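None of these values were measured; they are calculated from a predicted model. Convention: sequence-line order gives letters A, B, ...; per-chain numbering from 1.
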Amino acid sequence: MTKELLKGNVAFAEAAVRYGVQAYFGYPITPQSEALEHLSGRMIDEGRVFLQAESEVAAINMVYGAACAGVRVMASTSGPGFSLMAEGFSYIAGSEVPVVVVNMMRGGPGLGNIQPSQSDYFFMTKSAGHGDFHAIVLAPANVQELIDMMGLAFDLAEKYRTLVFVAGDGALGQMMESAELPPMQPVRTERPDWAVTGNAGRESRVITSLYLDPDQLEELNLHLQRKLAVIKANEIRWQEYQTDDADLLLIAYGTVGRICLSVMREARQQGLKVGLLRPQTLWPFAEARIAELAGRVRGILVAEMSAGQMLEDVERAVKGKVPIRFHGRMGGNMPMVDEILAEVWKLAAEIGIGEQ
Amino acid sequence: MTIQAVIPEDMELVYSYPASLTARSTHYCPGCTHGIVHRLIAEVIDELGIQGQTIGIAPVGCAVLIYDYFDVDFVEASHGRAPAMATGLKRVNPDKIVFTYQGDGDLAAIGTAEIIQAANRGESITTIFINNAIYGMTGGQMAPTTLEGMVTTSSPGGRDPNIAGHPVQMSEILATTAGAVYITREIVADIASINKTKNAIKRAFMAQIAGLGFACVEVLSTCPTNWNMDPWKAMEWAKENMAKTFPLGTFKMADAVKALKA
């Protein structure tokens, strides 16, 4: 395989095809419509299922239906469409069927705009629908990682029979960069032993999230919590850059994580020992590692394209051990290297290190 | 204990549960017609020999526990979304028989978009639409199909079209979609109409087996509890009043469906 110049949205869509997705249901919404457009041709050519639904509500329920049949299935959308899908997320979580949804975040609230944002962090990591559940949330920072995380997303969804979100943003969806696609994998033909396929030769199966008996529903919830605990113990992912000798720690994910890599390099050139921790899973979150680093560094700067959403998880991990500064841009604006660097220097001044 | 076990040896079993129905008491109120329609569907599934390939989609509403009464695979949809779920299931399982069972709140209010779009796409699914002009499970509130002037817990002065609009005629609407091949409205008020409804349900499933497109059987039904009537009076009331707003009859039958020998 060789590298090609690929647009983020096309890259994740084609990666899904190669990772054996059997059905895709979606509704056009900027900034991810290229994915739906790409799949509209590719899926049909491959003899698989593609359908442009009448709404994101219908799309996620089509996904839910196909997931109950035990096939590899996905949807993709952006903020407003993600809101509409929340109903389905809750049923999918309660029914424990594997589903992957890509959310290329855009500016909100409301119709907002179509520029990049990270303001769906709370929504995706804390409460993607009514009831007690979490989805696994993956946060790619470049097109290659977006491609690779599609494979990981399907594997995790099926391993844990859970909902997995791939959390990108408008910039990642729209940018073109060179990346390598995986080889074509065969589509899985067998169906898992919980799927509804007709009761021929076996007892009837029911997939439901309805438990009228409080004890039974509590048991389902306890089971879900036990499963989430296993996910927490095994699936936290992050990347670290030059944290060994760092006095100051940058924490950022996705596109902002990538920008912060440049911030870190600039700051080091200017004589500040700065490291970067880039969460690759937003749920579960690298709390323990951040707590550990908080015991070693002298200050932390969190940068996001939001009003400070991941910031709350960082604060929870740091527990006041070191000062935390926050730099956030909203409305579809992206933080530039210079402005984050200025915040790094303010933090340095606060704790009395370095001289510009 | 099986039914056979309690029959004296010199007696022949001539009537029993269909194989596709579980031998379980339903939670439905006395006089409710859900039980009749469940049985008709199960008989049709048995007669067509499709029990092992059939997947049902349960609704939100009084029939939410329908999967307890059927011995076929089932999934539980969110309110109104059964046609979307059925679309997903059928598209990845084209060789299976997929049916939705939906009430009037489910199909004619919250799920209007899903049913019309599924019909228009000609999804190869079968929908059984129970219209009893009221929300049964939540306690007798006004439905989209509540008759004008009909008193419910959320239209205490009777349904006023100036406030709440007019009863929605779903079969008439669905019949206008290009993808629908069979749309009919039936009633289960006496032996003749029950038999006729069974034939319609059978034809709707046969249309799916033949891959012809979308089929829906609307069944005018009763809700004695929330209509505040005894079962007999409810049946009479359905015949006299519901059929005026919701005329019985077949609104669309494609030639290919007509040719099916039900």
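When heavy atoms are compared at a cutoff of 4.5 Å, A:Arg48 does not approach chain B at all. Heavy atoms of B:Val98 lying under 4.5 Å from chain A are absent altogether. The contact between B:Ala77 and chain A is made entirely by backbone atoms, counting heavy-atom distances below 4.5 Å. For B:Gln53, the part lying near chain A is the backbone, with the side chain staying farther off; criterion is any non-hydrogen pair under 4.5 Å. Contact of B:Ser78 with chain A is made through backbone and side chain together, with heavy-atom distances under 4.5 Å.
In this structure, the side chains of A:Leu51 and B:Glu123 come closer than 4.5 Å at one or more pairs of heavy atoms.
Listed in order of number, the residues of residues 206-215 of chain A that approach chain B to under 4.5 Å between heavy atoms are A:Val206, A:Ile207, A:Thr208, A:Leu210, A:Leu212. Residues from residues 28-39 of chain A never place a non-hydrogen atom less than 4.5 Å from a non-hydrogen atom of chain B.
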- B:Arg81 and A:Glu87: side-chain contact (heavy atoms from CB on, under 4.5 Å), yes or no, with the steps? CA-CA 10 Å; B:Arg81 316 298 176 217; A:Glu87 173 192 273; 2.9 Å; yes

- Message: Between A:Gln22 and B:Val92, does the side-chain contact (heavy atoms from CB on, under 4.5 Å) criterion hold? Intermediate values first, please.
- Response: CA-CA 8 Å; A:Gln22 287 156 280; B:Val92 299; 5.6 Å; no

- Task: Walk me through it: do A:Ser55 and B:Gln117 pass the test side-chain contact (heavy atoms from CB on, under 4.5 Å)?
- Result: CA-CA 10 Å; A:Ser55 69; B:Gln117 299 288 342; over 6 Å; no

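Note on A:Ala23, A:Ser95, A:Ala58, A:Ala53: by heavy-atom pairs under 4.5 Å with chain B, the leading option is A:Ala58. Put simply, of A:Val57, A:Thr197, A:Val49, the one with the most heavy-atom pairs under 4.5 Å next to chain B is A:Thr197. The greatest number of non-hydrogen atom pairs below 4.5 Å with chain A, out of B:Ala58, B:Ala113, B:Ala84, is found for B:Ala84. Note on A:Asn61, A:Val71, A:Val73: by heavy-atom pairs under 4.5 Å with chain B, the leading option is A:Asn61.
The number of heavy atoms from other shown groups lying within 6.0 Å of OH (A:Tyr27) does not exceed 12. Within a 6.0 Å radius of CD1 in B:Ile36, other residues, nucleotides and ligands contribute more than 12 heavy atoms. Around the CD atom of B:Glu47, the shell of radius 6.0 Å holds more than 12 heavy atoms that belong to other residues, nucleotides or ligands.
Qualifying side chain to side chain donor-acceptor pair (under 3.5 Å) partners for B:Ser171, counting only residues two or more places apart in sequence or in other chains: B:Glu218.
Rounding to the nearest 0.5 Å gives a distance of 11.5 Å between OG of A:Ser204 and CG of B:Asp68. In this structure, the separation between CG on B:Leu89 and OH on A:Tyr64 is 10.0 Å, given to the nearest 0.5 Å.
Put simply, the side chain of B:Asn93 never gets that close to the backbone of A:Ala69: no donor and acceptor are under 3.5 Å apart. At distances below 3.5 Å, not a single donor-acceptor pair connects side-chain atoms of B:Lys96 with backbone N or O atoms of A:Gly198.
Within the structure, salt bridge (charged side-chain N to carboxylate O under 4.0 Å, His left out) contacts touching residues 53-80 of chain A (residues at least two apart or in different chains) are A:Glu54-B:Arg121, A:Arg72-A:Asp155, A:Arg72-A:Glu158.
Of all heavy-atom pairs between B:Asp73 and A:Glu203, the closest is OD1-O, 4.3 Å. The heavy-atom pair separating A:Cys68 from B:Met85 by the smallest distance is SG-CE, 3.8 Å.
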